[in-house]
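Here's the structure we're looking at; comments come further down.
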Amino acid sequence: MYKYDNYDQEMVYTRVAEFRDQVERRIAGKLTEDQFKPLRLMNGLYLQLHAYMLRVAVPYGTLNSEQMRMLAHIARKYDRDYGHFTTRQNIQYNWIKLEDAPDILADLATVEMHAIQTSGNCIRNISSDQYAGAAADELVDPRPYAELLRQWSSFHPEFSFLPRKFKFAVIASDEDRAAMRLHDIGIQMVEQDGAIGARYYAGGGMGRTPMIGPLIRDFVPVADLVSYAEAILRVYNRYGRRDNKYKARIKILVHEMGAEKFIEEVEAEFAHLQGQNIDAPAAELERIKGYFEDPAFETGLSDEIDRSDPDFAVWLDQNVHTHKQPGYAIAVISLKPTGGIPGDASSAQMELMADLAERYSFDECRVTHSQNIVLPHVRKQDLHAIWQKLVEAEFASPNLDLISDIIACPGLDYCSLANARSIPVAQKIAQRFKEIDRQKELGELKLKISGCINACGHHHAGHIGILGVDRKGTENYQLLLGGSGAEDVSLAKITGPGFDEDGIVDAVEKVTDVYVAEREDGERFLDTYRRVGMDRFKEALYG
Amino acid sequence: MDNLLRFRDDEAHEEPAVTLDGFLDQSNATAVRLEDGEDARQLLPFLDRLALIEIGFSAFGDGRGYSAARILREHGFDGEIRAQGDVLIDQIAFMRRCGFDSFSPETPLDPGDAEKALARWNHVYQHAADDRQPIWNKRHGQ
């Protein structure tokens, strides 16, 4: 994985010093809260319902064991002994004191980590495929391109006061594991005439007005990767709406301007930027790629796995993914135990994950946008040992991509924007479907819960989505069906009137009953929904 | 003008800046002011005769002026570009990188704080309107 050189390290230390100075000026009254707010936001510090929340960047979701141990240390020393892995492959801490924040950033900097641009109206941490460098189906490892964009976008002088936040995702396989087209800019690395380039999408997003990003350019040569991004950002910075923060994302600009006119503007700006020396020298991409070369895989390993332990076989079938290298596998640690809080991990669990990554996965782990942790490079012969350690720690939920592998935002338990709680609903649904055989019978089923229309829980992209709203002072939950954040991207549709907290759990069960009754061979829930349509489900819900 | 912080060797321009519309109408002015969101590219035919382009910031969070300044520099403008309005200490380093070379903030900046803010970053990651070499050029001896 990427390793800082002296330049990167100095940039992070400088940021720590700058933020310490800003906090001091705030405490001394030289900065008003209004003036301080965008500064703390650009350092990942939010003021939530009960305390400050600090969001730490995990670039493209990749961590080594030392970094994971530091995350555990921060949870233990500065928070309530846990952290929350997010849908942007980051981690956030919910109980931070303002005066501790500079020290936390200083601790993070010692392991090449930071909270730069994890919030605020700037280019956020860049996300990627959690199986990058390990998946059998990828064209190239997308992370070197993400790293190049990370550097370019860090402390960007022109794009630090955008109309609104700006999120990139970079992938390099046809299977989309990063909800790429639901980002402000989505990039798929592709091949054309033997050369690698970037397919650019722009104007996707969730939130109040979900949009699937249209194709902006089919192929941008790697040499122009950065200047093309610069052109899009400049068009957005100049023309994106600033009169209404709910209409300020690039998706609204692309929609209101029309994709064709938007592309025209971008191409004109891109043409102007040629010759402005925006892109990195070719040697820089090569230097970065050097950090993402395959680890020293052993050859001649067996692909046989002893399945005689039935509980292990269940976990194996559900949580282990195909690796590009014979004898290896990708193992996923579920952060979705029945009754738990989706995405939360205690410091002890983080340390266990760090130990497993160090011992079994070439010192690497990944955060997924669905809030789980990946051990990307595991020998198949070690899977049983890993599983046993997870079982001992009660950390071996075999539910990846099943109905209890729920994405949920923090909701009204933490968030100052929320209208309704998300976590208790996730817990009740997981409880209702707690029998793993029943979950497996329902197959791949992506259930996503947001506690307000800002959609941090990705409900628009759920095969089943749940949206919490406030209805005359009580929490009410709308049900949505048919969304997908994958390569078959689609936006979920609302079924009809909402439900109360217990009612929504019943409603989820009813739609899964419809699926079981209607499905044809091999169909997932989503496929059956797309074939039979909404009405059949509505009948069961409201009939 | 008491609040003016200037990073140029030439004499400060005396003529008051006219509005963009006023400038496009009479156009013998040598100083013009762009409000948030006014299109800097409308000035491109006249850059030779302009000595000062003032860019207004009605609110520090409105970042359109950063693009305006950079576009002017990318088209070779070497007169003064002044940031006026809600201009704060924590913005001026970015503004310098985008081509601003004078600041006329509504609330005076503490000169010590300003000096510290401008001196803070030894390196930068990306090319902008100043002549600083991005880190990726330094890495490869460029």
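Here is the naming used below: chain letters follow the sequence lines, and residue numbers restart at 1 for every chain.
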Between B/Arg64 and A/Asn237, what is the shortest heavy-atom contact and its length?
->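 Where B/Arg64 meets A/Asn237 most closely, the heavy atoms are CG-O, 3.2 Å.
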
What part of [X] gets within 4.5 angstrom of chain B, counting heavy atoms only: side chain, backbone, both, or neither?
X: A/Arg238; value: both
X: A/Asn121; value: neither
X: A/Leu148; value: both

For a 4.5 angstrom cut-off between non-hydrogen side-chain atoms, does [X] reach [Y]?
X: B/Phe94; Y: A/His156; result: no
X: A/Glu284; Y: B/Asn137; result: no
X: A/Leu31; Y: B/Asp90; result: yes
X: A/Glu18; Y: B/Trp121; result: yes
X: A/Gln35; Y: B/Ile89; result: no

Short question: side chain of B/Gln126, backbone of A/Ser154 - any donor-acceptor pair under 3.5 Å?
->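 Yes; judged by distance alone, with no hydrogens or angles, the pair exists.
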
Atom pair [atom1]/[atom2] of [X] and [Y] - distance to nearest 0.5 Å:
X: B/Ser58; Y: A/Arg242; atom1: OG; atom2: CZ; answer: 9.5 Å
X: A/Tyr236; Y: B/Ser67; atom1: OH; atom2: OG; answer: 12.0 Å
X: A/Asp5; Y: B/Arg139; atom1: CG; atom2: CZ; answer: 4.0 Å

Proximity breakdown for [X] and chain A, heavy-atom pairs closer than 4.5 Å:
X: B/Asp36; answer: neither
X: B/Asp110; answer: side chain
X: B/Lys116; answer: side chain

More than 12 heavy atoms from other groups under 6.0 Å of [atom1] on [X]:
X: A/Tyr246; atom1: OH; result: no
X: B/Glu15; atom1: CD; result: yes
X: B/Gln133; atom1: CD; result: yes
X: B/Asp10; atom1: CG; result: yes
X: A/Lys289; atom1: NZ; result: yes
X: A/Glu99; atom1: CD; result: yes

Are A/Trp152 and B/Tyr125 an aromatic pair by the rule of ring centers under 6.0 Å?
->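 No, too far apart.
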
Taking the six-membered ring for Trp, are A/Tyr7 and B/His123 parallel (under 30°), tilted (30 to 60°) or perpendicular (over 60°)?
->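 The arrangement is perpendicular - the two ring planes meet at more than 60°.
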
Could you check B/Trp136 against A/Val226 for side chain to side chain contact (heavy atoms under 4.5 Å, CB included), going step by step and ending with a plain yes or no?
-> CA-CA 13 Å; B/Trp136 56 37; A/Val226 170; 4.1 Å; yes

Let me see the working for B/Ile135 and A/Met11 under side chain to side chain contact (heavy atoms under 4.5 Å, CB included), right down to the final yes or no.
-> CA-CA 10 Å; B/Ile135 286 170; A/Met11 292 299 276; 3.7 Å; yes

Give me the contact list for residues 20-27 of chain A versus chain B, heavy atoms only, anything under 4.5 Å, ordered by residue number.
->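 Only A/Asp21, A/Gln22, A/Arg25 of residues 20-27 of chain A have a heavy atom under 4.5 Å from chain B.
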
Close approach to chain B in residues 271-281 of chain A, criterion heavy atom under 4.5 Å |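 Counting heavy atoms that sit under 4.5 Å from chain B, the residues of residues 271-281 of chain A involved are A/His272, A/Leu273, A/Gln276, A/Asn277, A/Ile278, A/Asp279, A/Ala280, A/Pro281.
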
Charged N to carboxylate O below 4.0 Å: is that the case for A/Glu230 and B/Arg70?
->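 Judged by the 4.0 Å cut-off on N to carboxylate O distance, A/Glu230 and B/Arg70 do form a salt bridge.
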
Residue among B/Glu74, B/His127, B/Arg97 with most heavy-atom pairs under 4.5 Å to chain A |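 Heavy-atom pair counts peak at B/Glu74.
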
Taking every heavy-atom pair that is under 4.5 Å apart, which of B/Gln91, B/Met95, B/Arg96 has the most such pairs with chain A?
->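 The option with the most such pairs is B/Gln91.
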
Please report the C-alpha distance between A/Ser160 and B/Tyr66 in whole Å, then the side-chain angles of each, then the deciding distance to 0.1 Å, and finally whether the side chain to side chain contact (heavy atoms under 4.5 Å, CB included) criterion is met.
-> CA-CA 9 Å; A/Ser160 289; B/Tyr66 294 82; over 6 Å; no

